[in-house]
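Computation of the quantities below employed the complete heavy-atom set of this structure, encompassing side-chain atoms and omitting hydrogens, waters and symmetry-equivalent molecules.
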Amino acid sequence: MQEGSQFKVMNSQTARKPANKRPARSNKPKKYVKQTARFEARRDGKPLIFGWGGHLSHNEKVRFQQRATWAVAGLIAFLIVAVIVGAWLNINVITPGLPITTVNGQQIPQSTYRKLVAVKTQLEEDRLNGPNGLIAQRDNLKKQVDAEQQTIDKQTTQIDTLNKQIKALPAGSQSNAQRQQLNTQLTQAKKDLNAAQTKHDQLNQEYNDLATNVIPNEQQLFTQSQVGNDSATWLQDDELIREWVASQSSSVQAKINPTASQISQDLKALTANMQKGMTYSKFLSQDNVSDDDVHTMLALIQRRSNMQNYLAAKIVSPAYQVHARWMTLSNNSDAQKALKQLHSGSDFGALAKSKSVDATTASKGGDLGWLVRGQQAQTDQAGVIDNWLFAPSRYVGEISPVLVENGAYHIVQIVSIDPSRVIDPTTLQSVQSSALTAWLFEQRALPGTNITPVDQNKLTDTNNMPPDLPSAAPGSNQNGALPGGLPGGIPSSGAP
């Protein structure tokens, strides 16, 4: 009983968990924040671009977008660099390397043409405006002319004074000695006046020639077109010269190929005669050429000069000459008919009188007289006829085929040949001075020579033109005089 009673007491005292009681509701309004759970690997089915990409998860789409952004940025950067590099290569490598003309398959690039134009421009600039240039020569001559005029005025005054003194002398023997002395002084004064007048007239003639002819003509030729054409032609000529020299003996090559000493002297002359305000380093920078470029172009110019001297020295009197006659026809059809008549026995002289359109020789039966090599090439500005006339196989009486030269059709006949005939002095001097010109005409006319026309677009391209080379010759002002205020349009400042 006691144990049971004890149990009952303990059971009635077992601890119970107190019931949860809800806290009292607050009167304040509650804020609800909507939270959405994101499952990064879950596909939302939405396309990414152009209907594609719905199968990708969000993370995959983000990574794809990042990679696409970097790829586009990289591509744009690559294209920008490629455009810059391509433009640089085009301007500095590709375009300069394009040929402006070719000679026997040998390309002459724009870069070489541009360098020669730069050097020739500087040389011409110095020729006009350098300390030893034409304008300096003109100004120096003007000073000499003025000085001689002062001498003339002084001598004239002295003569007038002496005449008055002689006239004022009284008659009689007492004044004879003084009269004789004054007459002696008068005679000397007249001699001095005559000498001063002669020198003045000579200097004044030289001055007027420079002022009204030489300098204006030089200025008219100092243009982009003229210097450009000359430079392109000189490059073609130089290729012909070098090809010919390469086939000659070492002794001939030594006479024509310029030496280092010659080039050094030419460079020294160029720098010494630079116009005021110009230096060699400024010229190199301004015209974008190097010292090596200048040496190369001076070598070309010197080689041309050496070739002229070599060829001129080969022309001596007496020399091989031919006596020839020709007829000139307007078209190939007339020329072929005339040639057929000649081969049928017609007289050349009679046919030339009736058929030739060359007014100078037609009345003489086409007679050209005695010719030395180079003479006809110089006259015709071409070498086709000269090459035929002086071929080693020519014989007396031989008639040429129809020879086309400068758009005209010629038939030539050998009248006589003299292997050693005296050349008259005037002709000798003429053919010697133009020896290179005639030789080049002959070389260009050879059947194996192939020279392509100069690219006119590249000829005066601004990238090939120096900044100080005028695009056109000096113009005229309203009064009809050329700019500069001096005869012939000579600028008082010395600038062209």
Side-chain angles (χ1 to χ4, degrees), residues 123-124 127 132 134 137 141 201-203 205-210 212-218 220-221 230 233-234 237-238 240-241 244-245 248 251-252 254-256 258 262 265-266 269 300-326 358 360-361 364 366-392 394 405-406 410 412 414-445:
L123 288 170
E124 184 62 23
R127 173 172 164 75
N132 301 315
L134 293 173
Q137 294 175 35
L141 281 170
D201 293 345
Q202 179 184 352
L203 291 171
Q205 183 178 358
E206 293 177 16
Y207 167 77
N208 286 328
D209 184 48
L210 270 177
T212 60
N213 296 318
V214 177
I215 293 177
N217 289 340
E218 202 74 21
Q220 291 295 313
L221 296 176
D230 287 348
T233 300
W234 279 31
D237 294 346
D238 189 61
L240 294 174
I241 292 171
W244 182 85
V245 170
Q248 303 303 305
S251 61
V252 173
K255 293 178 181 178
I256 298 171
Q262 286 179 323
Q265 290 176 5
D266 292 342
L300 180 152
I301 296 171
Q302 185 61 54
R303 181 163 45 246
R304 185 182 182 90
S305 177
N306 291 347
M307 187 67 175
Q308 160 62 26
N309 293 337
Y310 171 79
L311 294 171
K314 301 288 286 183
I315 303 173
V316 295
S317 180
Y320 179 95
Q321 295 186 54
V322 296
H323 182 194
R325 54 184 176 180
W326 74 351
D358 180 19
T360 304
T361 61
K364 301 183 293 184
D367 188 25
L368 295 171
W370 285 95
L371 301 170
V372 66
R373 182 157 202 157
Q375 187 175 351
Q376 194 63 28
Q378 177 187 356
T379 302
D380 296 340
Q381 299 290 291
V384 174
I385 293 174
D386 218 47
N387 284 342
W388 186 86
L389 284 172
F390 292 93
R394 295 288 81 89
E405 189 172 74
N406 294 328
H410 307 281
V412 187
I414 303 290
V415 178
S416 184
I417 296 175
D418 190 337
S420 182
R421 182 180 177 85
V422 174
I423 309 173
D424 70 87
T426 302
T427 301
L428 179 60
Q429 182 179 5
S430 177
V431 293
Q432 285 177 338
S433 63
S434 62
L436 176 61
T437 302
W439 182 85
L440 288 168
F441 281 135
E442 293 172 359
Q443 293 298 307
R444 287 171 176 267

side-chain contact (heavy atoms from CB on, under 4.5 Å) assessment of Leu436 paired with Ile241: CA-CA 10 Å; Leu436 176 61; Ile241 292 171; 4.3 Å; yes

Trp370 versus Ser416, closest heavy-atom pair with distance: CH2-OG, 3.5 Å

Distance (rounded to the nearest 0.5 Å) between Asp358 CG and Leu368 CG: 8.0 Å

pair Gln137-Asn132: side-chain heavy atoms closer than 4.5 Å: no

Donor-acceptor pair, side chain of Arg394 and main chain of Trp388, under 3.5 angstrom: yes

Greater than 12 external heavy atoms within 6.0 Å of Gln381's CD: yes

Nearest heavy atoms of Trp439 and Leu240, plus distance in Å: CH2-O, 4.0 Å

All pairs passing salt bridge (charged side-chain N to carboxylate O under 4.0 Å, His left out) where residues 429-442 contributes a residue, at least two apart: Arg373-Glu442

Verdict with supporting geometry, Trp244 and Val252, side-chain contact (heavy atoms from CB on, under 4.5 Å): CA-CA 10 Å; Trp244 182 85; Val252 173; 4.1 Å; yes

Under 3.5 Å side-chain donor-acceptor pair for Asp266 and Gln262: no

Short side-chain to backbone donor-acceptor contact, Ser305 and Ile301, under 3.5 Å: no

Distance in Å, Gln205 CD paired with Leu141 CG, rounded so as to fall on 0.5 Å steps: 11.5 Å

Minimal non-hydrogen separation, Ala435 against Ala312, with atom names: CB-N, 3.7 Å

Derivation and outcome, side-chain contact (heavy atoms from CB on, under 4.5 Å), residues Glu405 and Asp386: CA-CA 11 Å; Glu405 189 172 74; Asp386 218 47; over 6 Å; no

From CG (Asn208) to CG (Asp201), nearest 0.5 Å: 10.5 Å

Rounded distance (nearest 0.5 Å) linking atom CD of Gln378 with atom OG1 of Thr427: 9.0 Å

Check: Glu124 and Glu218 side chains under 4.5 Å, non-hydrogen atoms: yes

Gln308 side chain to Gln432 backbone, donor-acceptor under 3.5 Å: yes

Side-chain heavy-atom pair Asp367, Thr361 within 4.5 angstrom cut-off: no

From CG (Asp237) to CZ (Arg444), nearest 0.5 Å: 5.0 Å

side-chain contact (heavy atoms from CB on, under 4.5 Å) assessment of Lys255 paired with Asn306: CA-CA 7 Å; Lys255 293 178 181 178; Asn306 291 347; over 6 Å; no

His323 versus Asp418, side-chain donor and acceptor atoms under 3.5 Å: no

Test item: Asp380 side-chain N/O and Ala382 main-chain N/O as donor-acceptor pair under 3.5 Å: no

Give every donor-acceptor pair under 3.5 Å between a side-chain atom in residues 315-322 and any protein atom, sequence neighbours left out.
unit_1 : atom_1 : unit_2 : atom_2 : d
Ser317 : OG     : Ile423 : N      : 2.8
Gln321 : NE2    : Arg421 : O      : 2.9
Gln321 : NE2    : Val422 : O      : 3.2

Ser434 (side chain) donor-acceptor with Ser430 (main chain) under 3.5 angstrom: yes

Side-chain touch Asp209/Glu206, heavy atoms, less than 4.5 angstrom: no

From Gln376 atom CD to Asn387 atom CG, the distance as rounded to the nearest 0.5 Å: 12.0 Å

